Amino acid sequence: MSSRQPATFDWGNFQSSISPFESREGYWSKNDDVPSVWKIMMNLLDDDDDSEDGDEDSAHQEETDQHPPAAKKRRTSQPVMWVNDDGTSHVLLPKQTYWYNAYVRNPQVDNPHFLKKFRLRFRLPHAQFLELSEMLEASEDFRQWHAGNRAANGKESFPIPLLLLTSLRYLGRGWTFDDLAENTAMGDEVIRTFFHCFIKFGSTCLYDMYVRTPVNAREAAPHLREYKLAGFPGGVGSTDATHIMVERCFWRLRQAHLGFKMSHTARTYNITVNHRRRILSTTRGHPARWNDKTLALFDDLMQKINAGEVMDDVIFELYDYGLDGEVIEVKYRGVWLLVDNGYLAWATTVPPIKNTGSRKEIRFSEWLESMRKDVECTFGILKGRWRILKSGIRIGGIEGADRIFLTCCALHNWLLETDGLDDKWEEGVRSDWEQNAGEHDINVSNEDDATAQVPFAIGRLQNPSQQRGFDMSGMGRGMDKDNDAVEEDVDGEQQPTHGPGATAVEPFLVRDLSLEYFRSKLITHFDIAVTKCGCNRNQETGEEEVSL
């Protein structure tokens, strides 16, 4: 059996066999001891590719000559069509739509039913709609839609009043841009572009025009009045936060915008309102995961009040007890806000007391909670009037969401002025729970009379003789009755409280006090005011009247 020798590779023969590749730069050289095989193989592949590419290029050129490429398809909007009586269809123009002819060209301003329906559908009265249209026509931000201008395609620009109707319907009822395009025969892209310009205008010009934050005592006086009548001197407004759902939030911001109140991404806004539901200030949007304490740090109004930069010249008085036990009036300087227990423990933000057994503290806390509902009612009015805040904002980005909210706040204050609800109580529109004389009905003993039902806190405040009973068992009060004797008898042997005396000259700064101390002084004032007010009989009407 012959033994077979293993094959050996002769580099010399291999080198001579590939001499045609010696001219290839960077691949082969006779001076190389060991040739680079992978370079040789890549060279072979390159030659094959060159030959194949040449064939393909020639074939492609022949095919191109025979069949030239088709023009690039461009997306065009589908026009709205209408059909004549004879069955022929035509393109519907924006000025031929019902919206333009009924609301812009020929509005029935003398018809009360038309005016009522117009406000219901677009949230603004027709007179204010025309005024806002004139603002937009005079603004340079909307110059591309001014009368006489033409769009980029050479066509006449769409009328601003018709475009404004689409923005109001989008805010008021939460429609989509496609729904608006169907009703106005305008492109949805045109409506979207105008809407973004409108909310930019609303969040800047309209907001600065109708959301006015008081900065001194003269500007704060109209907002302080109702709180003083209610037994809260120095109170200028109520503050709380609300969540607005944002559907198209950036993914990198999703976790921060997933709060604990909603399952969707949302932005939270901190709002301050007065007793007439007028918005005094609002923050920009923040992630929904932030709590009230964090929002207070970014609230410009709360920070300036606590720092004494605004309304620091407001002087108010609180009832207190002097050294001899007599009732005196002590002056304080500054203002404070009504809040819940989620905010920071500042003297300028006073919340109710959570757990207490004192009757005067319970009465103060419940009355404060009742007055603080102004901001909660404002949230309901905003989301009920502008449904986009209720259903969720669908435009992309958080900047657009903030602009929508600020625009809605500006329109809300404008409507308050239009309806007369921003005036004082005597001059304002009478609410549902006011009687014929404009006074609260304090006779709450008749439970069957529907007109005699008033809010629980108001009825208790105006009837100090009807003490609240905490005993639900009917067994009477226990042995701890003497513990609250000091609270009930103001004219008795009460010990003077620690704090400012009757000889104080300079008002005490609210922001320099602790929350516990200042709130105790508010509770003392409220207790004295309720006890001192009593009930006076009106000689003309025969009704009892109470004033703090």
Side-chain angles (χ1 to χ4, degrees), residues 75-139 142 144-151 153-199 201-202 384-391 394-395 404 407-408 411 414-415 418:
R75 184 174 55 186
T76 58
S77 59
Q78 184 69 23
V80 180
M81 307 297 293
W82 66 286
V83 181
N84 286 334
D85 295 337
D86 56 359
T88 59
S89 60
H90 302 273
V91 176
L92 182 65
L93 300 178
K95 292 186 177 181
Q96 297 174 339
T97 58
Y98 173 79
W99 278 31
Y100 182 81
N101 288 279
Y103 303 131
V104 179
R105 184 179 180 181
N106 298 312
Q108 303 177 15
V109 294
D110 297 331
N111 188 350
H113 180 72
F114 168 80
L115 298 178
K116 181 179 179 181
K117 285 294 184 181
F118 183 89
R119 175 161 185 176
L120 178 65
R121 292 166 179 170
F122 300 100
R123 300 300 192 259
L124 277 183
H126 191 266
Q128 279 63 38
F129 161 73
L130 296 179
E131 182 179 352
L132 183 57
S133 298
E134 294 177 358
M135 293 183 189
L136 302 185
E137 291 175 352
S139 176
F142 300 89
Q144 59 178 317
W145 294 288
H146 287 174
N149 291 347
R150 292 187 176 275
N153 55 5
K155 296 182 180 179
E156 183 181 359
S157 60
F158 297 114
I160 286 182
L162 184 60
L163 289 167
L164 178 58
L165 290 177
T166 61
S167 297
L168 294 176
R169 178 62 66 89
Y170 187 90
L171 294 174
R173 292 190 174 179
W175 278 25
T176 63
F177 295 132
D178 183 66
D179 296 332
L180 298 169
E182 184 181 10
N183 284 269
T184 59
M186 295 186 295
D188 53 353
E189 184 63 21
V190 176
I191 297 174
R192 186 193 67 82
T193 303
F194 179 86
F195 178 76
H196 280 275
C197 292
F198 174 71
I199 60 176
F201 175 84
R385 176 174 287 155
W386 311 108
R387 298 300 293 178
I388 190 174
L389 303 180
K390 178 69 174 180
S391 60
R394 294 182 297 271
I395 64 174
I404 287 177
T407 302
C408 293
L411 295 174
W414 190 10
L415 290 175
T418 302

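Just so it is clear, the structure is predicted and the values come from calculations on it, not from any experiment.
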Just list the side-chain donor-acceptor pairs under 3.5 Å for residues 127-136, sequence neighbours left out, or say none.
unit_1 : atom_1 : unit_2 : atom_2 : d
S133   : OG     : F129   : O      : 2.9

Under the salt bridge (charged side-chain N to carboxylate O under 4.0 Å, His left out) rule, collect the residues that match up with K95, sequence neighbours excluded. E156

As a quick check of understanding, evaluate side-chain contact (heavy atoms from CB on, under 4.5 Å) for I191 and F158, giving each step before the final call. CA-CA 10 Å; I191 297 174; F158 297 114; over 6 Å; no

Suppose we screen for salt bridge (charged side-chain N to carboxylate O under 4.0 Å, His left out). Which residues come up paired with E189, at least two apart in sequence or across chains? R192

Answer yes or no: is there a side-chain heavy-atom contact under 4.5 Å between I404 and W386? no

Would you say the ring centroid of Y103 lies under 6.0 angstrom from that of F122? yes

List for me each residue that meets ring-ring contact (aromatic ring centres under 6.0 Å, His included) alongside F177, sequence neighbours excluded, and say none if there are none. Y170, F195

With a 4.5 Å heavy-atom cut-off, do V104 and P159 have their side chains touching? no

Donor-acceptor contact present, side-chain R385 to main-chain R123, <3.5 Å: no

Could I get the full list of ring-ring contact (aromatic ring centres under 6.0 Å, His included) partners for W414, not counting sequence neighbours? Y210

Is the count of non-hydrogen atoms from other residues, nucleotides or ligands lying under 6.0 Å from N106 atom CG greater than 12? yes

Can you find a heavy atom in the side chain of D188 that is under 4.5 Å from one in the side chain of L180? no

Which heavy atom of G172 sits nearest to which heavy atom of R387, and what is that distance? O-CG, 2.9 Å

For a 4.5 angstrom cut-off between non-hydrogen side-chain atoms, does L163 reach V190? yes

What distance separates T166 OG1 from L164 CG, expressed to the nearest 0.5 Å? 7.5 Å

Can you tell me how far apart CG (L165) and CG (N183) are? Round to the nearest 0.5 Å. 11.0 Å

Could you grab the distance from atom CH2 of W175 to atom CD1 of I388, nearest 0.5 Å is fine? 14.0 Å

Quick one: salt bridge (Lys or Arg N to Asp or Glu O under 4.0 Å) pairs with a partner in residues 158-178, sequence neighbours left out? none

d(E182 CD, L92 CG) to nearest 0.5 Å is 11.0 Å

Kindly write out the residues that satisfy side-chain contact (heavy atoms from CB on, under 4.5 Å) with K116, not counting sequence neighbours, or none if the list is empty. none

Just by modelled atom types, is the G174 backbone N or O under 3.5 Å from a matching donor or acceptor in the R394 side chain? yes

Side chains of C197 and W145, heavy atoms from C-beta outward: is any pair under 4.5 Å? yes

With sequence neighbours excluded, what pairs up with T176 under the side chain to side chain donor-acceptor pair (under 3.5 Å) test? D179

Which residues satisfy the side chain to side chain donor-acceptor pair (under 3.5 Å) test with Y100, sequence neighbours excluded? none

Does S139 offer a backbone N or O that forms a donor-acceptor pair with the side chain of H146 under 3.5 Å? yes

With sequence neighbours left out, what residues match F198 under ring-ring contact (aromatic ring centres under 6.0 Å, His included)? none

Taking all heavy atoms of L171 and all of T407, pick out the closest pair and write down the distance. CD1-CG2, 4.4 Å

Residues that Q108 engages under side chain to side chain donor-acceptor pair (under 3.5 Å), provided they are two or more places apart: N111

Which atom names give the shortest non-hydrogen contact between G187 and A181, and what distance separates them? C-CB, 4.3 Å

Run the salt bridge (charged side-chain N to carboxylate O under 4.0 Å, His left out) test against R119 and tell me which residues pass, sequence neighbours left out. D419

